[in-house]
Amino acid sequence: MRTIDQHMEQLNESQKEAVLENERPLLVLAGAGSGKTRVITTKIAYAIDVLNVSPHEILAVTFTNRAANEMRERVAKMVSAEAANDIQIRTFHSFGAWLLRRYGAAINLSNTFTIYDDSDSLALLASCLPNYKRSELGPIAKAISLAKDMALTPESEELSQIRRDYNFPDHFRRYQERLRQVGNVDFADLIVRSIELLNKDRKTLRQLHNRFKMILVDEYQDSNISQFKLLKKLVGPNTFICVVGDDDQSIYRFRGAEVENILSFPKVFPNTRIVKLERNYRSTANILALASHAIAINQGRYPKTLWTEREAGAKSKLIYVDDAKSEAEWVAQELRKSGDYSSSAILYRTNAQSSLFETLFTQKGIPYKIVGALRFFDREEIKDALALLFLLINKHDEVNFNRMINKPSRGIGATSQAKIVEYAHQNNLDYIEALGQVPLAGKAAQGAKEFYTLYKEAEELVEGDNITLLKFLIERSGLFFHYLKEDQRNHTDRVDNLANLSSMLGEYPFGKEGLILFLESLTLDRTMLGKRDPADEFGVTLITMHNTKGLEFDRVFIVGLEEGLFPSSMSESESELEEERRIFYVAITRARNELFLLSSRRRVLWGRALYYQTPSRFIEGLPEELVEVEGKFFNNNNRYSALEERRQQSSPYRGGLYKGGAKVSLTPVKSFTKEERQVTYKLGDLVFHDDFGEGEVQKVKEMRDKEMIEVRFASGRMVTFFTNTPLLEKLGSD
């Protein structure tokens, strides 16, 4: 093992400066590929070996399990194994779970709580709002999650900024009440309820202040308002705080990330020292110059310029193609020239763009992997098996009870199921105890008895071998034979997936504590199957730009560089456009050696042909000394005027573009006569659009053969539709 002096010798001057500052609040602005993980891990080792900080007193927080695991592994190579095990290196949400399981009793939260994922939260919301359609519940669930990320409550006046529906505070309140009633938390609650705990329990707050002498936060630009508030609570009068991040890589606004957290850090923590890490160890000089050029126009940022000691490298290539199929074929041809597949990646703005590449690569025998596709733990059979385990740990878990009480069918229909739930609520019973007492008849009574007996027998196994427990639940519930028949009928491998789940469970300690640890770990990070990461498989990586954070490739193809697609037509304000530009910057800086930018004249997305595309503003005016152009630039007579004209007028892309408050007309797929028209609208009607979300009808105008309405969406956007537009769904009246 190297000494701390040897580790310090591996750092450049800026990195050393960051490691050695341990008195004042520290903001480390770490550009892409600048070695920030090395700085954080060396800083931890330095604190232990030189400053004599106890490992027990260090908390390091990041945003993904992958990043936390990498940090933990690096630290373990720099300090003793015992010291490494004593350091709290966690994600924000993992830390929240750790905190609530130990101290949650102070806010009436049992340490056996289950963490609900998005689908579980949606199911719980459906039980609160039984008269709503799925299409109505989805936007409500997302709005609740966003509100929590912004540290808002059902009583907050700012809720109207998230969802302009006067019923929303009540929906939010009912969901929260039901969540607390079942004794579980959703993902956002891991942060929100941790703040609640520290606000209410001064004893726990003092304990944490006394314990954590050093707090380090990685990827701070991705923090949301709730995480920021939790961090402020954790920093005591004698706590050294250091955050590391890059405002130019803040690209998760849709998840609630707030770039202002990093921009305002020096104001929140007075006497902050700022250290910039600008030397890049990843990319060639030409790629870095292009990235700096792309991001420089943004106003909301700390000025910084990446540089490298690497060679200049080849110019990036800008390729204009006729259509999306030509785009995929061009990339395939370039890939086959080298045959170097696993070190190449295709980056796109939306998942819908991957289908052409998947089809063509399959035809041409080009191996590929999709990062961000259906995950192992999202499969139906896996969620069913896990639901049986979650219910065993928390028998008040309404979501998982409703999922499994009649799956496979045991004669308990919707009426009997509702009767059981109501009986449990009225008699203050958990759902398993309710099954043993509720008066039912016929098949429902027999099914309830079987399920009750199943869980009573399972309770006797919970402190033993967890694999035996899971096998018992799967077989005795009928789940194994249900999926065995499906495998035989459809030639699927669902039973094998259940076996894989059992193998994973076997990696955790026996007993209830090991079971809880297993369930918590997979809820916090479901991207892994055991220690295998799908991203490590052989083949070209197909991935959205948002999913590329922390990754790098020898060759990067950025496709779909057209106005309306990238930047997205939904990005109307300057702050939203700045985020789109940051996404472009992140995409560029994933490339080590070669970068290809592709723009298409025509494209088909969401079943619509998009003609006469305008190249993305992001490739306007790229320096000739950095970019080699191939193909003919389309629409090149007065680029900027063409661009602005399209943004002000009707566009076939996703029903139209919007800018600066201008009203946008949407061309209908067809016109309807009054006799053909089945849907009519009135002022105040609520509608839902796949692209724009929920909105309210502001104006209705009868025309000769159609009805025209103006809709204001939650974002504030005003859009004009002709009624019977297929993507517009009527929800009801406000």
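Heavy-atom basis, side chains included; hydrogens, waters and symmetry copies ignored.
The main-chain N or O of A18 is found under 3.5 Å from a side-chain atom of K43 such that the two form a donor-acceptor pair. A side-chain donor-acceptor contact under 3.5 Å links R101 to the backbone of F113. With Y302 contributing its side chain and L263 its backbone, the two residues share a donor-acceptor pair below 3.5 Å. A donor-acceptor contact shorter than 3.5 Å is absent between the side chain of S94 and the backbone of T91. Proximity of a side-chain donor or acceptor of R24 to a complementary backbone N or O of P270 within less than 3.5 Å is not detected. For T548 (side chain) and L551 (main-chain N/O), no donor-acceptor pair under 3.5 Å exists by modelled atom type. Using a distance-only test at 3.5 Å, with no hydrogens or angles considered, a donor-acceptor pair links the side chain of Q299 to the main chain of I297. When atom types are taken as modelled, the side chain of S34 and the backbone of E278 share no donor-acceptor pair closer than 3.5 angstrom. One N or O on the side chain of S283 and one on the backbone of A591 form a donor-acceptor pair closer than 3.5 Å. Between the side chain of Q10 and the backbone N or O of H7, no donor-acceptor pair lies under 3.5 Å.
Heavy-atom minimum distance, A32 versus Y585: N-OH, 4.3 Å. Closest heavy-atom contact between L577 and S571: CD2-O, 3.7 Å. Nearest heavy-atom pair across D222 and S250 is OD1-CA, 4.3 Å. What you find for W98 and R211 is that their closest heavy atoms are CZ2-NH1, 3.5 Å. Between H546 and Y252, the shortest heavy-atom contact is O-OH, 2.6 Å. Looking at every heavy atom in both residues, K549 comes nearest to I251 through CG-CD1, 3.8 Å.
Between F618 and F566, the angle of the ring planes goes over 60°, which puts this pair in the perpendicular group of the 30/60° scheme.
Of the residues listed (V243, V61, V244), the one engaging D218 in a side chain to side chain contact (heavy atoms under 4.5 Å, CB included) is V244, and it is the only one. The residue from S338, S343, S344 that alone fulfils the side-chain hydrogen bond (donor to acceptor under 3.5 Å, both in side chains) condition with D340 is S343. A side chain to side chain contact (heavy atoms under 4.5 Å, CB included) with L234 is found for exactly one of I195, L208, L205, T239, namely L208.
Inter-residue side-chain proximity for W307 and N280 is flagged as unmet; no heavy-atom pair is nearer than 4.5 Å.
T541 and Y341 share no side-chain donor-acceptor pair at under 3.5 Å. For E17 and S14, the side-chain atoms include no donor-acceptor pair closer than 3.5 Å. Remark: the N593 side chain and the R310 side chain contain an N/O donor-acceptor pair separated by less than 3.5 Å. For the residue pair Q207/T204, the side-chain donor-acceptor check at 3.5 Å is not satisfied. A side-chain donor-acceptor contact under 3.5 Å links T544 and N547.
Comment: E580 engages R349 in a salt bridge, judged by a side-chain N to carboxylate O separation of less than 4.0 angstrom. E70 has no carboxylate O lying under 4.0 Å from a charged side-chain N of R66, or vice versa, which leaves the two without a salt bridge. Using a 4.0 Å cut-off between charged side-chain N and carboxylate O, R253 and E576 make no salt bridge. A salt bridge links E13 and K16; the closest N-O separation between the charged side-chain nitrogens and carboxylate oxygens is under 4.0 Å. The pair R273-E23 does not meet the salt-bridge criterion, since no charged nitrogen lies less than 4.0 angstrom from a carboxylate oxygen.
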Item to check | Verdict with supporting geometry, V540 and K369, side-chain contact (heavy atoms from CB on, under 4.5 Å) | outcome: CA-CA 6 Å; V540 181; K369 58 204 171 190; over 6 Å; no

Checklist entry - Between K317 and E594, does a salt bridge (charged side-chain N to carboxylate O under 4.0 Å, His left out) hold up when you go through it step by step? => result CA-CA 8 Å; K317 284 190 176 181; E594 295 179 89; over 6 Å; no

Checklist entry - Between F187 and L190, is a side-chain contact (heavy atoms from CB on, under 4.5 Å) present by the stated rule, with each step listed? => result CA-CA 6 Å; F187 211 59; L190 293 172; 4.2 Å; yes

Checklist entry - Should F63 and F92 be marked as a ring pair (Phe, Tyr, Trp, His ring centres under 6.0 Å) after you check the CA-CA gap, both sets of side-chain angles, and the distance that decides it? => result CA-CA 6 Å; F63 282 82; F92 258 111; 5.3 Å; yes

Item to check | Working for salt bridge (charged side-chain N to carboxylate O under 4.0 Å, His left out), residues K148 and D186 | outcome: CA-CA 10 Å; K148 290 185 179 185; D186 59 24; 2.7 Å; yes

Next on the checklist: Please evaluate residues E552 and R282 with respect to the criterion salt bridge (charged side-chain N to carboxylate O under 4.0 Å, His left out), reporting the C-alpha separation (whole Å), side-chain torsions for both, the decisive distance (0.1 Å), and the verdict.
Outcome noted: CA-CA 8 Å; E552 56 185 67; R282 176 187 301 155; 3.0 Å; yes

Next on the checklist: T308 vs L306, test: side-chain contact (heavy atoms from CB on, under 4.5 Å). Steps then yes/no.
Outcome noted: CA-CA 7 Å; T308 183; L306 297 181; over 6 Å; no

Item to check | Derivation of the salt bridge (charged side-chain N to carboxylate O under 4.0 Å, His left out) call for D118 and K142 | outcome: CA-CA 9 Å; D118 290 345; K142 288 181 180 179; over 6 Å; no

Item to check | Chi angles and distances behind the side-chain hydrogen bond (donor to acceptor under 3.5 Å, both in side chains) call for S223, N261 | outcome: CA-CA 7 Å; S223 61; N261 286 352; 2.9 Å; yes

Item to check | Test side-chain hydrogen bond (donor to acceptor under 3.5 Å, both in side chains) applied to N12 and R38, step by step | outcome: CA-CA 11 Å; N12 63 41; R38 175 182 290 180; over 6 Å; no

Item to check | Audit row: E57, S54, side-chain hydrogen bond (donor to acceptor under 3.5 Å, both in side chains) steps and yes/no | outcome: CA-CA 5 Å; E57 298 173 332; S54 167; 4.8 Å; no

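Separation of atoms CG (L347) and CG (L598) is listed at 11.5 Å; rounding is to 0.5 Å. In this structure, the separation between CD1 on I241 and CZ on F269 is 5.5 Å, given to the nearest 0.5 Å. The CD1 atom of I287 lies 10.0 Å from the OG1 atom of T589; values are rounded to the nearest 0.5 Å. Residue Q221 holds its CD atom at 9.5 Å from CZ of R582, rounded to the nearest 0.5 Å. To the nearest 0.5 Å, the span separating CG on N298 from OG on S575 amounts to 10.5 Å.
Residue L20 places its CG atom among more than 12 non-hydrogen atoms of other residues, nucleotides or ligands, all under 6.0 Å distant. Heavy-atom neighbours of K233 NZ from other residues, nucleotides or ligands within 6.0 Å: above the threshold of 12. Sparse packing is recorded around CD of E82, with 12 or fewer heavy atoms of other residues, nucleotides or ligands lying under 6.0 Å away. Within 6.0 Å of CD in E624 there are 12 or fewer heavy atoms belonging to other residues, nucleotides or ligands.
Seen from the ring of F553, R592 does not count as a face-on cation partner, given the 6.0 Å and 45° thresholds.
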